[in-house]
Amino acid sequence: MPLAASYQYPANQAIAAIFNEIADLLEVEEANPFRVRAYRNAARMVEGMTEGVDAMLARGADLTALPGVGVDLSAKMREIVETGSCAMLTRVRTEVPSYVLQLLQLPGLGPKRARALQHELGITSLDELARAAAAHRIRELHGFGARSELRLLETLKARLARDRRYGLATAKPCADALTHYLLASGLVDQLVVAGSYRRGRDTVGDLDLLITGRKRAQIVEHLVHYNEVATRISAGPTRASVVLKNGMQVDLRVVRPDAFGAALVYSTGSKAHNIALRKLAQTQGLKINEYGVFRGKERIAGQTEASVYRAVGLPWICPELREDHGEIAAAQSGLLPSLLEQSDIKGDLHVHTSASDGTASLEAMAAQARLLGYQYLAVTDHSPRIAVTHGLTADRLAAQADAIDRFNAEHKGWPVLLKGVEVDILEDGSLDLPDSVLGRLDLVVGAIHSHFSLPVDQQTSRILRALDHPHFSILAHPLGRLIGERNACNVDLKRVLTAIAQRGCYVEANAQPTRLDLSDIGCRLAKAEGVLVSIASDAHSPADLMNLPLGVTQARRAWLGQADVLNAHALDTLLPLLKRTM
DNA sequence: GCCGTTTTCGGCCCGACTGTTTTCAGTCG
């Protein structure tokens with residue numbers, strides 16, 4: 001299941017999907033490539049927006065003000081919002097059969113060759129393609145040969161999909177193991193996992209490795225022989241692509257040390273950021289590629305990333321910001337944000353103990369928080385409704401609160417334990433514990449754990465009603481998504497955040513690797529609405545507390561600074577913030 | 001299809017690898 005970045009804006013998702021399909025179809029028709037690109041650019045831009053296009057239209061906004069959107073595309077966007085479809089798409093669909101799009105999904109098949117297969121051999125399905133390949137009919141086509149035919153067969157057999165993305169929980173162990181393998185070869189001087197992994201995106205499509213080392217061909221060879229490699233896609237003297245046994249693609253590039261910075265900019269992306277950077281260079285009579293910055297034939301920068309940015313008059317831009325979301329303009333005018341650092345985090349406001357579904361005692365969790373240098377740790381075990389978590393009844397919660405008071409009294413100099421709960425928001429928006437019980441706590445974290453597929457109006461009012469409870473503090477994992485498993489629930493996040501701001505409440509950026517909820521886009525919206533974000537590990541064990549930096553990364557991608565984050569506050573300023581204003 | 005302190009027309013980021021080809025088109029990142 002591909003995860004669109006716009007998961008919380010169904011209208012934007014629909015527009016992006018339609019624009020991307022139109023682009024695919026136009027490409028098969030051999031339309032002007034720049035026209036194709038216009039559709040793809042607009043699709044990508046729409047996915048990264050922090051507002052639904054439907055909401056923009058409702059407030060009368062001018063869509064042509066959006067970058068890459070002119071009169072034509074704005075009209076199509078409006079059409080898609082109003083009708084759910086687009087006449088242009090319907091038209092090109094009749095001109096290009098749907099199975100050609102299926103062919104396009106196969107690695108190695110682009111518009112030209114997909115079209116040839118359809119036209120010359122009358123291929124109308126992947127099954128027919130497999131049969132034609134087995135009968136050696138493909139190799140007879142102009143532009144194809146025995147090798148292309150064999151590769152198509154292998155691809156079909158492996159059912160390789162091209163647009164899969166993986167959560168960081170999958171990608172990180174994979175990247176760590178591969179890094180270890182390559183470093184152990186002794187051939188590698190420098191190694192960076194670049195790409196969306198380095199930019200800290202919540203999901204990554206592949207791993208982009210950038211390496212320096214003297215024996216370049218040997219390094220490529222070493223990767224190809226990694227025992228987790230399932231398929232070799234390509235391998236030249238300086239770069240290679242392979243697919244691992246778990247399906248993840250790895251692209252490796254080996255460069256000379258004096259070009260490392262330029263190559264790192266290139267490999268880190270994003271593509272949109274690189275294009276914007278290269279356009280800026282052009283206006284200054286310069287050219288940027290992965291080998292450096294050039295004025296004519298003269299190379300004027302490239303050893304470090306900073307030298308590349310400096311050559312076009314910019315300060316270094318940190319990877320999390322490189323999404324062409326205004327960072328280049330900000331850098332030009334000296335307005336790059338001062339981003340949140342992990343060291344700004346003063347505590348964690350969402351953790352579990354063995355009293356509910358955690359694995360460790362209060363003491364063990366506190367000890368780990370102490371090692372991390374935290375000032376405070378909020379204990380937020382589950383409420384009774386979710387039976388599998390052994391949630392706390394009112395009586396057990398009161399007993400835990402007493403235990404926390406005793407712990408704090410006996411552990412001076414340790415992180416202060418805050419009395420909290422993760423209370424279930426029931427289907428009708430009421431809470432799973434009475435207000436009288438919640439009133440004794442330092443904070444109340446509320447979350448939905450069931451009925452994820454309510455219609456958007458119902459889901460939104462459910463959460464708004466929960467926020468009306470007088471002791472509600474923080475809305476945890478607001479969208480309920482599990483990366484690769486469960487889509488975000490359909491909720492009007494902007495309305496929810498507006499309500500949160502009015503009530504003096506907060507929203508959580510849950511740092512569990514499978515959740516990352518809110519992720520970057522949601523955090524940007526929270527900042528725009530003036531809502532402080534609680535970056536929380538939702539730890540169920542001491543080790544889980546160390547997941548919090550994943551949330552910090554999402555916050556940085558959203559341009560958040562120390563002032564935007566609830567748990568970047570010291571204990572003495574945090575406590576007053578947790579008192580509801582209304 | 002978008003865009004504009006050269007421009008409302010004529011540009012649009014840049015290069016590696018593959019396979020089939022005798023000099024390069026197609027695909028990909």
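Letters go in sequence order (proteins before strands), and every chain restarts at 1. Everything numeric in this text was worked out from a predicted model, so none of it was measured. Values below: every heavy atom of this structure, side chains too, minus hydrogens, waters and symmetry copies.
Residue order along DNA chain B, read from the 5' end via each residue's closest nucleotide, puts Gly236(A) first among Ala146(A) and Gly236(A). Where Phe144(A) and Asp206(A) each meet DNA chain B at their nearest nucleotide, the meeting point lying more 5' is that of Phe144(A).
Between the CG atom of Asn274(A) and the C1' atom of dC28(B) there is a distance of 15 Å, given to the nearest Å. If you take CD of Glu79(A) and P of dG1(B), they are 13 Å apart, rounded to a whole angstrom. The CD1-P distance, from Ile288(A) to dC14(B), rounds to 9 Å in whole Å. Between the CG atom of Leu280(A) and the P atom of dT5(B) there is a distance of 13 Å, given to the nearest Å. The CD-P distance, from Glu30(A) to dT27(B), rounds to 10 Å in whole Å. Rounded to an integer number of Å, the gap from CZ of Arg44(A) to P of dG1(B) is 18 Å. Remark: C1' of dC13(B) and CZ of Phe294(A) are 14 Å apart, rounded to the nearest angstrom. A straight line from CD1 of Ile22(A) to P of dC2(B) spans 12 Å, rounded to a whole angstrom.
Looking at the side chain of Lys112(A), the nearest of the listed nucleotides dT27(B), dC14(B), dG19(B) is dT27(B). Each of dC17(B), dA16(B), dC13(B) was ranked by its minimum atom distance to the side chain of Arg37(A); first place goes to dC13(B). Side chain of Ser148(A), nearest nucleotide from dG1(B), dC12(B), dT20(B): dT20(B). With dG15(B), dC17(B), dC13(B) as the choices, the nucleotide that has an atom nearest any side-chain atom of Thr238(A) turns out to be dC17(B). Looking at the side chain of Leu73(A), the nearest of the listed nucleotides dC14(B), dC17(B), dG1(B) is dG1(B). The side chain of Glu290(A) sits closest to dG15(B) out of dT20(B), dG15(B), dC14(B).
Checking Lys271(A), Arg557(A), Arg201(A) one by one against Glu323(A), the side-chain hydrogen bond (donor to acceptor under 3.5 Å, both in side chains) holds for a single residue, Arg557(A). Here the rule is side-chain hydrogen bond (donor to acceptor under 3.5 Å, both in side chains) with Arg165(A), and of Thr203(A), Asp202(A), Thr170(A) only Thr203(A) fits it.
Of the C1' atoms belonging to dG1(B) and dT5(B), the separation is 24 Å, rounded to the nearest Å. For dC14(B) and dC9(B), the P atoms lie 25 Å apart once the distance is rounded to whole Å. Between the C1' atoms of dT7(B) and dG11(B), the separation comes to 9 Å (whole Å). Separation of the P atoms belonging to dC2(B) and dC13(B) is 16 Å when rounded to the nearest angstrom. Spacing between dG15(B) and dT20(B) at atom P, rounded to whole Å, works out to 26 Å.
When heavy atoms are screened at a 4.0 angstrom cut-off, Pro111(A) is found touching the sugar-phosphate backbone but no base atom. Among the heavy atoms of the strands lying under 4.0 Å from Val71(A) are primed sugar atoms or P, OP1, OP2 only; no base atom is included. Using a 4.0 Å heavy-atom criterion, one finds that Leu277(A) contacts no nucleic acid atom at all. Nucleic acid contact class of Arg113(A) (heavy atoms, under 4.0 Å, all strands): sugar-phosphate only. Within the 4.0 angstrom heavy-atom criterion, no nucleotide atom of any strand lies near Ala240(A). Within the nucleic acid shown, Lys287(A) comes within 4.0 Å of sugar-phosphate atoms alone, with no base atom in reach, counting heavy atoms only. As judged by a 4.0 angstrom heavy-atom cut-off over every strand, Ala116(A) is placed among residues making no nucleic acid contact.
For a distance-only test at 3.5 Å, the side chain of Tyr266(A) qualifies as a donor-acceptor partner of the base of dG29(B). Under 3.5 Å, the side chain of Asp208(A) and the base of dG29(B) form no donor-acceptor pair of N or O atoms.
In this model, the phosphate group of dG26(B) is not approached by any side-chain N or O of Arg115(A) to a distance below 4.0 Å at OP1 or OP2. OP1 or OP2 of dG1(B) sits under 4.0 Å from a side-chain N or O of Lys76(A). For Gln249(A) and dG29(B), the shortest distance from a side-chain N or O to OP1 or OP2 is below 4.0 Å. OP1 and OP2 of dG11(B) both lie 4.0 Å or more from every side-chain N or O belonging to Gln282(A). Contact annotation: Ser241(A) side-chain N/O to dC28(B) OP1/OP2 distance is not under 4.0 Å. Arg35(A) has a side-chain polar atom (N or O) that falls below the 4.0 Å cut-off from OP1 or OP2 of dG1(B). OP1 or OP2 of dG15(B) sits under 4.0 Å from a side-chain N or O of Asn289(A). The phosphate of dT21(B) has OP1 or OP2 within less than 4.0 Å of a side-chain N or O from His142(A).
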Val243(A) vs Val229(A), test: side-chain contact (heavy atoms from CB on, under 4.5 Å). Steps then yes/no.
CA-CA 6 Å; Val243(A) 178; Val229(A) 168; over 6 Å; no
Output, in order, the C-alpha distance, side-chain angles, deciding distance and verdict of side chain to side chain donor-acceptor pair (under 3.5 Å) for Asp189(A) and Thr212(A).
CA-CA 5 Å; Asp189(A) 293 332; Thr212(A) 61; 4.7 Å; no
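Using cut-offs of 30° and 60° for the angle between ring planes, the Tyr39(A) and Phe19(A) rings count as perpendicular.
Between the side chains of Asp208(A) and Ser267(A), no donor-acceptor pair of N or O atoms lies under 3.5 Å. In this model, a donor atom of one side chain and an acceptor atom of the other lie less than 3.5 Å apart for Arg198(A) and Thr268(A).
What you find for Glu51(A) and Asn12(A) is that their closest heavy atoms are O-ND2, 3.0 Å.
dT8(B): no Watson-Crick or G-U partner with both key distances under 3.5 Å is found in any strand.
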